[in-house]
Amino acid sequence: AGASFDNNLLCIGEKQVFVVASVFDKFVDQLKRAGAAQLSSSQIDALTRVALPIDPKDNKHHVAKQFVGQSPSFLAKAAGASVPSSCELLFGETNFEHPFVQEEQMMPFIPLVRCASVDEAIDKAIESEHGYRHTAICHSRNLDVITRFGRRAG
């Protein structure tokens with residue numbers, strides 16, 4: 001369930017996902033097969049403008065409270081998209097600097113960041129966590145990768 005559980009309010013759900021390029025397209029296909037809906041870059045931009053607006057006081061993105069814990073259909077509508085009411089998760093590809101990657105958001109949209117290697121994915125995952133000591137998860141079948149991530153995240 002991950003990020004789709006409870007509209008991604010809990011810290012145990014994925015807030016951003018770093019995926020190695022060699023499996024990125026397969027990962028996207030599996031998300032779609034599981035019922036998640038992909039937003040286009042223009043739809044992600046539209047959602048960002050309303051859900052993570054820039055505060056003129058500090059010129060930084062901040063989560064708009066009225067979007068926290070909302071349903072995927074609510075978020076999709078704000079993005080100019082439509083999804084079935086059964087949809088439990090939205091996702092889309094972003095870059096590492098994107099506000100949905102860098103800011104803590106508690107809504108059922110996960111940004112996917114394509115990485116050239118597992119080492120880049122680990123580095124970016126650690127950096128995006130900003131030392132807050134939040135939940136960190138590594139999904140892999142390779143125990144060496146899991147161990148390297150665990151040592152870095154620990």
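All heavy atoms count here, side chains included; hydrogens, waters and symmetry mates do not. These figures come from a predicted structure and were not determined experimentally.
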Student: Nearest 0.5 Å please: distance from the OG atom of Ser41 over to the CG atom of Asn95.
Tutor: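 Nearest 0.5 Å value for the OG-CG distance: 11.0 Å.
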Student: Quick one: list whatever passes ring-ring contact (aromatic ring centres under 6.0 Å, His included) with Phe74, sequence neighbours left out.
Tutor: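 Counting only residues at least two positions away or on another chain, Phe74 forms a ring-ring contact (aromatic ring centres under 6.0 Å, His included) with Phe67.
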Student: State whether the side chain of Gln70 and the backbone N or O of Leu75 hold a donor-acceptor pair below 3.5 Å, judged by distance alone.
Tutor: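 Judged by distance alone, no pair lies under 3.5 Å.
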Student: Rounded to the nearest 0.5 Å, what separation is found between the NZ atom of Lys15 and the CD1 atom of Ile137?
Tutor: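 The CD1 atom of Ile137 is 9.5 Å from NZ of Lys15, to the nearest 0.5 Å.
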Student: Partners of Lys77 by side chain to side chain contact (heavy atoms under 4.5 Å, CB included), sequence neighbours excluded?
Tutor: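 If we apply the side chain to side chain contact (heavy atoms under 4.5 Å, CB included) test to Lys77, skipping adjacent residues, there are no hits.
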Student: Checking side-chain contact (heavy atoms from CB on, under 4.5 Å) for the pair Phe149/Val118: CA distance, chi angles, key distance, verdict?
Tutor: CA-CA 10 Å; Phe149 179 79; Val118 71; over 6 Å; no
Student: Can you name the nearest heavy-atom pair linking Ala79 to Ala46, along with the distance?
Tutor: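 The answer is O-CB, 3.8 Å.
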Student: Using only atom types and a distance under 3.5 Å, with no angle test, would you say the side chain of Gln102 pairs donor to acceptor with the backbone of Phe96?
Tutor: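 Indeed, once roles are kept as given, a pair shorter than 3.5 Å links the two residues.
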Student: Does the side chain of Pro53 come within less than 4.5 Å of His62's, by heavy atoms?
Tutor: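 Contact flag for His62/Pro53 side chains = no.
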Student: Do you know which two heavy atoms are closest between Arg152 and Ile122, and how far apart they sit?
Tutor: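 The pair with the smallest heavy-atom distance is NH1-CG2, 3.9 Å.
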Student: Hey, are the side chains of Val28 and Phe91 touching, using non-hydrogen atoms and a 4.5 Å cut-off?
Tutor: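 In short, these two side chains touch, coming nearer than 4.5 Å.
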Student: Could you state the interatomic distance from CG (Leu47) to CE (Met107), rounded to the nearest 0.5 Å?
Tutor: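 Between Leu47 CG and Met107 CE, I get 7.0 Å after rounding to 0.5 Å.
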Student: Quick check for you: to the nearest 0.5 Å, what is the distance between Ile146 atom CD1 and Asn142 atom CG?
Tutor: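 Output value for this atom pair is 7.0 Å.
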Student: Working to the nearest 0.5 angstrom, can you tell me the gap between Glu104 CD and Leu52 CG?
Tutor: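 Rounded to the nearest 0.5 Å, the CD-CG separation comes out at 11.0 Å.
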Student: Could you grab the distance from atom CG of Asp45 to atom CZ of Arg49, nearest 0.5 Å is fine?
Tutor: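 Answer for the CG-CZ pair, Asp45 versus Arg49, is 6.0 Å.
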Student: Run the side-chain contact (heavy atoms from CB on, under 4.5 Å) test on Thr94 and Gln16 for me, step by step, so that the C-alpha distance in whole Å, both residues' side-chain angles and the decisive distance to 0.1 Å come before the verdict.
Tutor: CA-CA 10 Å; Thr94 70; Gln16 65 266 39; over 6 Å; no
Student: Run the numbers on Gln66 and Val50 for side-chain contact (heavy atoms from CB on, under 4.5 Å), then give the verdict.
Tutor: CA-CA 10 Å; Gln66 65 269 30; Val50 294; over 6 Å; no
Student: Using atom types as modelled, flag every donor-acceptor pair under 3.5 Å from a side chain in residues 108-116 to any protein atom, sequence neighbours excluded.
Tutor:
{"residue": "Arg114", "atom": "NE", "partner": "Glu93", "partner atom": "OE2", "Å": "3.0"}
{"residue": "Arg114", "atom": "NH2", "partner": "Glu93", "partner atom": "OE1", "Å": "3.1"}

Student: Heavy atoms, side chains only, cut-off 4.5 Å: are His139 and Val17 in contact?
Tutor: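 No, their side chains stay 4.5 Å or more apart.
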Student: Under 4.5 Å between any side-chain heavy atoms of Ile44 and His98, yes or no?
Tutor: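 They are in contact (side-chain heavy atoms under 4.5 Å apart), so the answer is yes.
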Student: Check the hydrophobic clustering (I, L, V, M, F, W, Y; side-chain heavy atoms under 4.5 Å; chains of links allowed) and say if Leu39 and Met106 are grouped together.
Tutor: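 Linked within one cluster.
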